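Bear in mind that the values here come from a model prediction, so they are computed numbers and not experimental data. If you read the sequence from its start, that first residue is 1, and numbering goes on from there.
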Amino acid sequence: MDIKTAQYYTNGHQLYSVHCANCHGDKGEGLGMLYPPLTDPDYLIRNRETLPGIIQYGMHEEIIVSGNIYNMQMPANPQLSAIEIAYILTYVTNSFGNKSGVFSEEEVLDGLRKTQKQATLQE
C-alpha cells in the first residue's frame, strides 16, 4: 500500500467508525436485512460512480446487494466534505475483502456532480 492509499485508508477508517459502522457494522457485514453489507466487491465496482452521492445525499430506493433486496432509507451526510467521502470510500473499497485502490477527491466531486445532475433531471 503506497503512502497516499495508507493515509486515505487510515482517515477513512476513523470516519467510517463514526458515520457508517453503526448501520453497516465494524466489519462491513451490514445489519440483517435492514442495512446492506459492504462486502460485495461486484456491487461496489458496478456502482463506483454513484457511491459518493449515496454517502452525501443518502439513498431512498431499493437496491440488491449479494442477491438480497434492501429498501431501508440511508440518511444523507451533508456535513461530510468531498475529501472525507474519498477517505471513507477508499477505506470501504479496500476493506472487507475489497481491493479497489484510492478514491480521489476529484472522483468524488465528479460523482457528486453527476448525482446532482440526475436528481435535477428527475424533478
Item to complete: Would you please name every residue forming a salt bridge (Lys or Arg N to Asp or Glu O under 4.0 Å) with D26, sequence neighbours left out?
Response: none
Item to complete: Identify which one of Y8, Y16, F103 satisfies the ring pair (Phe, Tyr, Trp, His ring centres under 6.0 Å) criterion when paired with Y91.
Response: Y16
Discussion item. Around atom CG of L34, are there more than 12 heavy atoms from other residues, nucleotides or ligands closer than 6.0 Å?
Written reply: yes
Worksheet item: Apart from I64 itself, which Ile, Leu, Val, Met, Phe, Trp or Tyr residues share its cluster (side-chain heavy atoms under 4.5 Å, direct or through members)?
Response: I69
Worksheet entry | Short side-chain to backbone donor-acceptor contact, E29 and K27, under 3.5 Å | yes
Item to complete: Decide yes or no for V18 and L15: does some side-chain heavy atom of the first lie under 4.5 Å from some side-chain heavy atom of the second?
Response: no
Worksheet item: Is the backbone of F96 close enough, under 3.5 Å, to the side chain of T39 for a donor and an acceptor to pair up by distance?
Response: no
Practice prompt. Just do the side chain to side chain contact (heavy atoms under 4.5 Å, CB included) check on Q14 and Y87 with the steps written out, would you?
Written response: CA-CA 9 Å; Q14 293 170 345; Y87 292 157; over 6 Å; no
Worksheet item: Rounded to the nearest 0.5 Å, how far apart are CD1 of I63 and CG of N47?
Response: 8.0 Å
Worksheet item: Quick one: is the NZ or CZ of R48 closer than 6.0 Å to the six-membered ring centre of Y43, and within 45° of its axis?
Response: no
Worksheet item: Is I88 linked to L109 within one hydrophobic cluster, defined over Ile, Leu, Val, Met, Phe, Trp and Tyr using a side-chain heavy-atom separation of less than 4.5 Å?
Response: no
Discussion item. Please enumerate all residues that pass side-chain hydrogen bond (donor to acceptor under 3.5 Å, both in side chains) together with E84, with sequence neighbours excluded.
Written reply: S81
Worksheet item: Are Y35 and M74 close enough that some pair of their side-chain heavy atoms sits under 4.5 Å apart?
Response: no
Worksheet, complete the sentence: Taking every heavy atom of P52 against every heavy atom of G111, the minimum-distance pair comes out as CG-CA, 4.4 Å
Worksheet item: Is a side-chain N or O of N77 found less than 3.5 angstrom from the main chain of I55, in a donor-acceptor match?
Response: yes
Discussion item. Please check if the number of heavy atoms outside D110 that lie under 6.0 Å from its CG is greater than 12.
Written reply: yes
Response to the item:
Distance col, row C20:SG vs H13:NE2, nearest 0.5 angstrom, shows 11.0 Å
Worksheet item: Where do T90 and G101 come nearest, in terms of heavy atoms and distance?
Response: CG2-O, 4.2 Å
Worksheet, complete the sentence: Residue set satisfying side-chain hydrogen bond (donor to acceptor under 3.5 Å, both in side chains) with D2, at least two apart, ordered chain then number -> T5
Worksheet item: Which atoms form the tightest heavy-atom contact between A86 and E105, and what is the distance?
Response: CB-N, 4.1 Å
Fill in: In one Ile/Leu/Val/Met/Phe/Trp/Tyr side-chain cluster, 4.5 Å: M59, M33
yes
Worksheet entry | Student check: side-chain heavy atoms of N68 and Y70 closer than 4.5 Å | yes
Worksheet, complete the sentence: Sorted by chain and number, sequence neighbours left out, side-chain hydrogen bond (donor to acceptor under 3.5 Å, both in side chains) with Q73 holds for H60
Worksheet item: Any side-chain heavy-atom pair from L44 and S100 closer than 4.5 angstrom?
Response: no
Worksheet, complete the sentence: Rounded to the nearest 0.5 Å, the CD1 atom of I85 sits from the CG atom of L51 at a distance of 10.5 Å
Discussion item. Using modelled atom types and a 3.5 Å cut-off, is there a donor and acceptor pairing between side-chain atoms of N98 and backbone atoms of V92?
Written reply: yes
Worksheet item: Does a donor on one side chain and an acceptor on the other come within less than 3.5 Å for Y9 and S95?
Response: yes
Worksheet entry | Closest non-hydrogen atom pair between V102 and E107, with its separation | O-OE1, 4.0 Å
Discussion item. Just so I know, are the side chains of Q56 and T115 near enough to count as touching, which here means a heavy-atom distance under 4.5 Å?
Written reply: no
Practice prompt. Can you sort out the partners of S66 under side-chain hydrogen bond (donor to acceptor under 3.5 Å, both in side chains), two or more places apart, ordered by chain and number?
Written response: D40
